[in-house]
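On a predicted model such as this, the values are computed, not experimentally measured, just so you know. Every heavy atom of this structure was used, including side-chain atoms; hydrogens, water molecules and symmetry mates were not.
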Amino acid sequence: MSALASKPLKAPGCAIGFENAIEQREPVALRVKGQIPPWLRGNLYRTGPGTFRVPSSAAPSGSVDLTHWFDGLGMTHRFEITSSGGVMYRNHSTADGLRKRIEKSGSVPGVTFGDQDPCETIFSKFFTMFRPNAETPPKPIDGAADEVNIQVTLTPDMPGFASHHSIPSSTTTPRYLVAKSDNDTLQILDPETLKPLHATTYAELDPRLDGHISAAHSCRDKTTDEFYNFSLKMGGRPVYKVFRVRPNPSAEKGFEVDVLAEINDAPPAYLHSFVMTQKYVVLCIWQADFNYGATIPLNRNIASSLEKKWNPNRNTLFYVIDRHTGGLVSKFKSPPFFCFHAINAYDSGSDDVTIDLSVYDNHSVIDLLYLDSLRNLSAEQPMRMGRARRFILENVSSQVQAGKGVREAVIPFTLSQSSSIELPTVHPALYHKPYRFAYGMNKLDPKTHHTFADRIIKLDMSQPNSEPKTWGVPGYTPGEPIFVPRPGATSPSDAEDDGVILSLVLDGEAQKSMLVVLDAKEMKEVARAEMETHFPFVFHGVFTPA
């Protein structure tokens, strides 16, 4: 099979990663250099935006250009690492139905993340909402599977859909993928072809999950196969419902949904992720508060519906919930910050909780992710990345402490900008457990390095002051690193970094991308699988061993 062919270039350097990608529905062989470890077999799935510009004769400019990185139309990718050491690649646009609606109408229907037209006034938005024949997308369960744009994270074989009629009967692993975003909509994908099979919502699993906001980064216990998330219902009295979906073969639908806690004394906020340990679920409500009132329907986007003014007195709140029996156990606070991604969390001490997050001083980074900014990074307009910060919630369930109300979280350290980390990952067996190493994208001084990301970094969280190991090549922009442990290695606690790192890397000069395989111990390249075109800057992925 032939390799992918490049399109004419539209942007210099790393900016090409924010341009339309080429769809490749049939597998093609990539050119491998070096030697992929013989034990590394399986599929690396990646998802994120793949289309940023939609040609449309109905648009005044002849094209509908999406303005925010988070609004690019979804594309899911599959890199199959074969038994012979080869790599087969394919992808599939997962929002074709929505793209056709945009092409026909010349505008983006429904609610987007970013402000689609920053020049619009609030009054024009109001009247556009109610104009005759306005393009309104169907509800997920009423429309086609590809009329939604869900492209942030992937959960293989998420509980709740094993018996769904849209999933083909097969013995493949995984049987299906579930794509998730920061709202209540889910999209089920075929794991081989990547074709969308069904669009649905959390409310289809249980009508109590009636909120429209959820975390793209849910939590999952791989031992019990329990899935955790929250559902935030806006309104005069916002309510967070922290819930669990667990397999139960004896139940009528083969699964059960438990609402573990309802929180109604917290501000409604944009929370991209949350954390859990072996004993607790912790809902961290950092400062990204929605304005009260019906601002999301009026603004038709998330970013404009957030309170822009930073409040130095609005503490971050930590709600600790018993993940087994349910119920709020305790509540903590810390000085304000903003966050996209949790690094990890675990039980520590006699009854403490340790939480590691990638934090920002404020939420202005959201506006840095508009595509005009990302395509034109400079010293005056740099990209920033979060810094690793540790929080310890002490004596979580202590009866002595329980009467003290909201207690202070302890902050042992915050790492420097040179050790910045985003899209962080850890050993897959150590999520929600004590761990040592975190891997992520890193950026040196934003004002002197005009790229989206410079390097992949390996932080030793047990020795936060130690010099981190990194991998990078001038002119290369790496993506999220995925750690894959070597089968048969000793226990993670003895050899936590015995394995490889997989990352999709863009060569800005050649305008082409590659799948890079790094030895995780030394952070040295051992192999790469080269593409003949650019790979778009996507969000997150997952590796499933063969």
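Among R246, R244, R220, the one residue that satisfies the salt bridge (charged side-chain N to carboxylate O under 4.0 Å, His left out) test with D225 is R220. For the ring pair (Phe, Tyr, Trp, His ring centres under 6.0 Å) with F318, the qualifying choice from F332, Y280, F274, F391 is F391, the only one to do so. When each of W69, Y270, F539 is tested with F113 by the rule ring pair (Phe, Tyr, Trp, His ring centres under 6.0 Å), just one qualifies, namely Y270. Tested against F243 for a ring pair (Phe, Tyr, Trp, His ring centres under 6.0 Å), the candidates F230, Y228, Y202 yield a single pass: Y202. Here the options are M531, H534, M514, the test is side-chain contact (heavy atoms from CB on, under 4.5 Å), and the partner is D507; only M514 passes.
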For this session: Begin from the C-alpha positions of Q287 and H363 and carry the test side-chain hydrogen bond (donor to acceptor under 3.5 Å, both in side chains) through to its verdict.
Result: CA-CA 7 Å; Q287 190 174 160; H363 54 29; 5.0 Å; no
Problem set entry | Evaluation steps, side-chain contact (heavy atoms from CB on, under 4.5 Å), between M523 and T470 | CA-CA 6 Å; M523 296 296 286; T470 62; 6.0 Å; no
For this session: Take K279 and D351, measure what salt bridge (Lys or Arg N to Asp or Glu O under 4.0 Å) needs, and give me the verdict at the end.
Result: CA-CA 9 Å; K279 296 193 292 186; D351 191 28; 3.0 Å; yes
Exercise. For N344 and Y431, what are the C-alpha separation, side-chain angles and deciding distance, and is it a side-chain contact (heavy atoms from CB on, under 4.5 Å)?
Worked result: CA-CA 6 Å; N344 202 10; Y431 276 111; 4.0 Å; yes
Exercise. For F452 and F18, what are the C-alpha separation, side-chain angles and deciding distance, and is it a ring pair (Phe, Tyr, Trp, His ring centres under 6.0 Å)?
Worked result: CA-CA 11 Å; F452 184 62; F18 301 104; 5.7 Å; yes
Exercise. Could you go step by step and tell me if E532 and V28 meet the side-chain contact (heavy atoms from CB on, under 4.5 Å) rule?
Worked result: CA-CA 11 Å; E532 290 299 324; V28 295; over 6 Å; no
For this session: Go through Y360 and R384 one step at a time and tell me if the side-chain hydrogen bond (donor to acceptor under 3.5 Å, both in side chains) criterion holds.
Result: CA-CA 9 Å; Y360 296 82; R384 300 205 316 268; over 6 Å; no
Problem set entry | side-chain contact (heavy atoms from CB on, under 4.5 Å) evaluation trace for L515 with L502 | CA-CA 7 Å; L515 171 63; L502 304 179; 4.2 Å; yes
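Contact check for Y240 versus I285: side-chain heavy atoms found under the 4.5 Å cut-off. At least one side-chain heavy atom of F483 sits less than 4.5 Å from a side-chain heavy atom of I501. Within the 4.5 Å cutoff, the side chain of P478 has no heavy atoms near those of the V516 side chain. Counting heavy atoms from C-beta on, the side chains of Q151 and M75 never come closer than 4.5 Å. Counting heavy atoms from C-beta outward, Y435 and I343 have side chains that approach closer than 4.5 Å. Considering only heavy atoms from C-beta on, V542 stays 4.5 Å or farther from I482 through its side chain. No side-chain heavy atom of T172 sits less than 4.5 Å from a side-chain heavy atom of E192. Between L393 and D352 there is no side-chain heavy-atom pair separated by less than 4.5 Å.
Atom CG of L415 and atom CZ of R390 lie 9.0 Å apart (nearest 0.5 Å). With values rounded to the nearest 0.5 angstrom, T477 atom OG1 is found 12.5 Å from L504 atom CG. Note that CG of L154 and CD of Q187 are 9.5 Å apart. Values are rounded to the nearest 0.5 Å. Rounded to the nearest 0.5 angstrom, D497 CG and K469 NZ are separated by 7.5 Å. Considering OG of S181 and CD1 of I213, their distance stands at 9.5 Å, rounded to 0.5 Å. To the nearest 0.5 angstrom, L271 atom CG is 8.5 Å from C284 atom SG.
Between the side chain of Q278 and the backbone N or O of K433 there is no donor-acceptor pair closer than 3.5 Å. Between the side chain of R486 and the backbone N or O of W39 there is no donor-acceptor pair closer than 3.5 Å. The closest donor-acceptor contact from the side chain of H217 to the backbone of V275 lies at 3.5 Å or more, if one exists at all. Not a single donor-acceptor pair under 3.5 Å links the side chain of K195 to the backbone N or O of H92. For T153 (side chain) and A216 (main-chain N/O), a donor-acceptor pair under 3.5 Å exists by modelled atom type. D460 places no side-chain N or O within donor-acceptor distance of the main-chain N or O of F437, the cut-off being under 3.5 Å. With hydrogens and angles disregarded, a donor-acceptor distance shorter than 3.5 Å links the side chain of N183 to the backbone of T185. Counting only distance, with no hydrogens or angles, the side chain of K180 and the backbone of S218 share no donor-acceptor pair below 3.5 Å. A donor-acceptor contact shorter than 3.5 Å links the side chain of T425 to the backbone of P481. Side-chain atoms of S462 do not come within 3.5 Å of backbone N or O of R436 as any donor-acceptor pair.
Other residues, nucleotides and ligands contribute over 12 non-hydrogen atoms within 6.0 Å of the NE2 atom of H324.
Nearest heavy atom pair, residue Y439 against residue A520, reads OH-CB, 4.0 Å. Residues I457 and S419 share a closest heavy-atom pair of CD1-CA, 3.7 Å. The shortest heavy-atom contact between G48 and V538 is CA-CB, 3.7 Å. Here the closest non-hydrogen pair linking L205 and G160 is CD2-O, 3.7 Å.
Residues E80 and R90 are not paired through a salt bridge, judged by the lack of any N-O separation under 4.0 Å between the basic side chain and the carboxylate. The existence of a salt bridge linking R25 and D96 is confirmed by a sub-4.0 Å separation between a basic side-chain nitrogen and an acidic carboxylate oxygen. The pair R387-D361 counts as a salt bridge, with a side-chain nitrogen and a carboxylate oxygen less than 4.0 angstrom apart. Using a cut-off of 4.0 Å between Lys/Arg side-chain N and Asp/Glu carboxylate O, K33 and E530 are scored as salt-bridged. A salt bridge links E480 with R46: at least one charged nitrogen is closer than 4.0 Å to a carboxylate oxygen. Contact check on D498 versus K521 returns no salt bridge, with no Lys/Arg side-chain nitrogen under 4.0 Å from an Asp/Glu carboxylate oxygen.
Aromatic ring orientation, F79 versus F535: tilted (interplanar angle from 30° to 60°). Between F338 and W286, the two ring planes are perpendicular [angle over 60°; tilted spans 30° to 60°].
Between the side chains of S214 and S231, no donor N or O sits under 3.5 Å from an acceptor N or O.
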